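Take a look at the structure set out below.
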Amino acid sequence: MEETFSLQELLKIMKKRLVLIISIFVLAVSITGVISYFFWTPIYEASTQILINQKELDQNLYSSQDIETNLQLINTYNVIIKSPVILSKVIDNLDLSITPELLNKKITVSNEQNSQVINVSVEDPELQKAIDIANMTAEVFQEDIRTLMNVDNVNILSMAAKSKNGLPVKPIPLLNMAIAAGIGLILGIGITFLIEYLDTTVKTEQDIDDLLELPILGLISPISYKQLKRKEKIINLNRKREI
């Protein structure tokens, strides 16, 4: 027989297990907060921008064909920036104890659609190191592209620098805790209904009615230990009076 619950019954179930729901909610948020603040290594990001343009800056206007050519070159430049040729020189210039493969994973190269500006972002546990790597990568690329592709159409638009807040890009503890709060709440409610579904014990007259589908003829009220002792005293007193 398919069992359905009304909204009132659902709220009643959650109210009965409210302590469990709150406990799971608080535990999820607390664990996530502790891990985010004390165990995860903060990662900082620094970015520099590179402009792809023409060598002859004294020309009045670029033609549409020149701009289209530059846009097609950007995909090639994105690959060259992260190539071992560039990264090896960055490592040597900064005296880094890291391989080009590992440095490649720290660098992200991107550009907006139909934009001639390339954004080079570097992530590292040390903010100053991220800034140095981003700036050195742009400088080495600007210098070596002249030899690699026999062009001089690269200019550094903006150098990486420390931001005002200087906060890491990840982890974001408050965001992580907010996500954990939602997951903890859903998990708590889910466990509550799972316990209620698996609980087959008979506790109330309504449980008997639902289980046996028979009408209830009468109820036996519970008698506490104090009430039982009081009744025993009354009975004993009545017996003594009769004697």
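No experiment lies behind these values; they were computed from the predicted model shown.
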Ignoring hydrogens, what is the shortest heavy-atom contact between [X] and [Y]? Give both atom names and the distance.
| X | Y | result |
| --- | --- | --- |
| R146 | Q142 | NE-O, 3.7 Å |
| I98 | I91 | O-CD1, 3.2 Å |
| T48 | A134 | CG2-O, 3.4 Å |

Can you tell me how far [atom2] of [Y] sits from [atom1] of [X], rounded to the nearest 0.5 angstrom?
| X | Y | atom1 | atom2 | value |
| --- | --- | --- | --- | --- |
| I145 | D152 | CD1 | CG | 10.0 Å |
| N75 | I80 | CG | CD1 | 11.0 Å |
| F25 | S30 | CZ | OG | 9.0 Å |
| I22 | R17 | CD1 | CZ | 14.5 Å |
| F193 | M14 | CZ | CE | 5.0 Å |
| N93 | M136 | CG | CE | 4.5 Å |

Scan residues 128-141 for pairs that pass side chain to side chain donor-acceptor pair (under 3.5 Å), counting only residues two or more places apart or in two chains.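 The answer is Q128-D132.
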Show which side-chain atoms of residues 169-191 pair as donor or acceptor with protein atoms under 3.5 Å away, not counting sequence neighbours.
residue: K170; atom: NZ; partner: E123; partner atom: OE1; Å: 3.2
residue: N176; atom: ND2; partner: S36; partner atom: OG; Å: 3.3
residue: N176; atom: ND2; partner: I172; partner atom: O; Å: 3.4

According to a 4.5 Å side-chain heavy-atom criterion applied to Ile, Leu, Val, Met, Phe, Trp and Tyr, with indirect links allowed, do [X] and [Y] form part of one hydrophobic cluster?
| X | Y | result |
| --- | --- | --- |
| I156 | Y77 | no |
| F39 | I31 | yes |
| L127 | V120 | no |
| I13 | I24 | no |
| V109 | L103 | yes |

Pairing residues for D144 by the salt bridge (charged side-chain N to carboxylate O under 4.0 Å, His left out) criterion, not counting sequence neighbours: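 Salt bridge (charged side-chain N to carboxylate O under 4.0 Å, His left out) list for D144, sorted by chain: K89.
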Assess, by modelled atom type and distance only, whether the side chains of T76 and N78 contain a donor and an acceptor separated by less than 3.5 Å.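 No, no side-chain donor-acceptor contact under 3.5 Å.
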Donor-acceptor pair, side chain of N155 and main chain of L157, under 3.5 angstrom: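 Side chain of N155 to backbone of L157: no pair is present.
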Examine distances only and state if a side-chain atom of K82 and a backbone atom of I107 form a donor-acceptor pair shorter than 3.5 Å.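 Checking the backbone N and O of I107 against the side chain of K82, a donor-acceptor pair under 3.5 Å is found.
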Check step by step if side-chain contact (heavy atoms from CB on, under 4.5 Å) holds for I52 and V154. CA-CA 5 Å; I52 309 301; V154 175; 3.9 Å; yes
A side-chain contact here means heavy atoms from C-beta on lying under 4.5 Å apart; do V117 and N111 qualify?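 Sidechains of N111 and V117: no contact.
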Quick one: does L87's side chain get under 4.5 Å of T99's, heavy atoms only?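 No, their side chains stay 4.5 Å or more apart.
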Take K162 and I131 through the test side-chain contact (heavy atoms from CB on, under 4.5 Å) and record every step on the way to the result. CA-CA 8 Å; K162 289 184 178 180; I131 294 173; 3.4 Å; yes
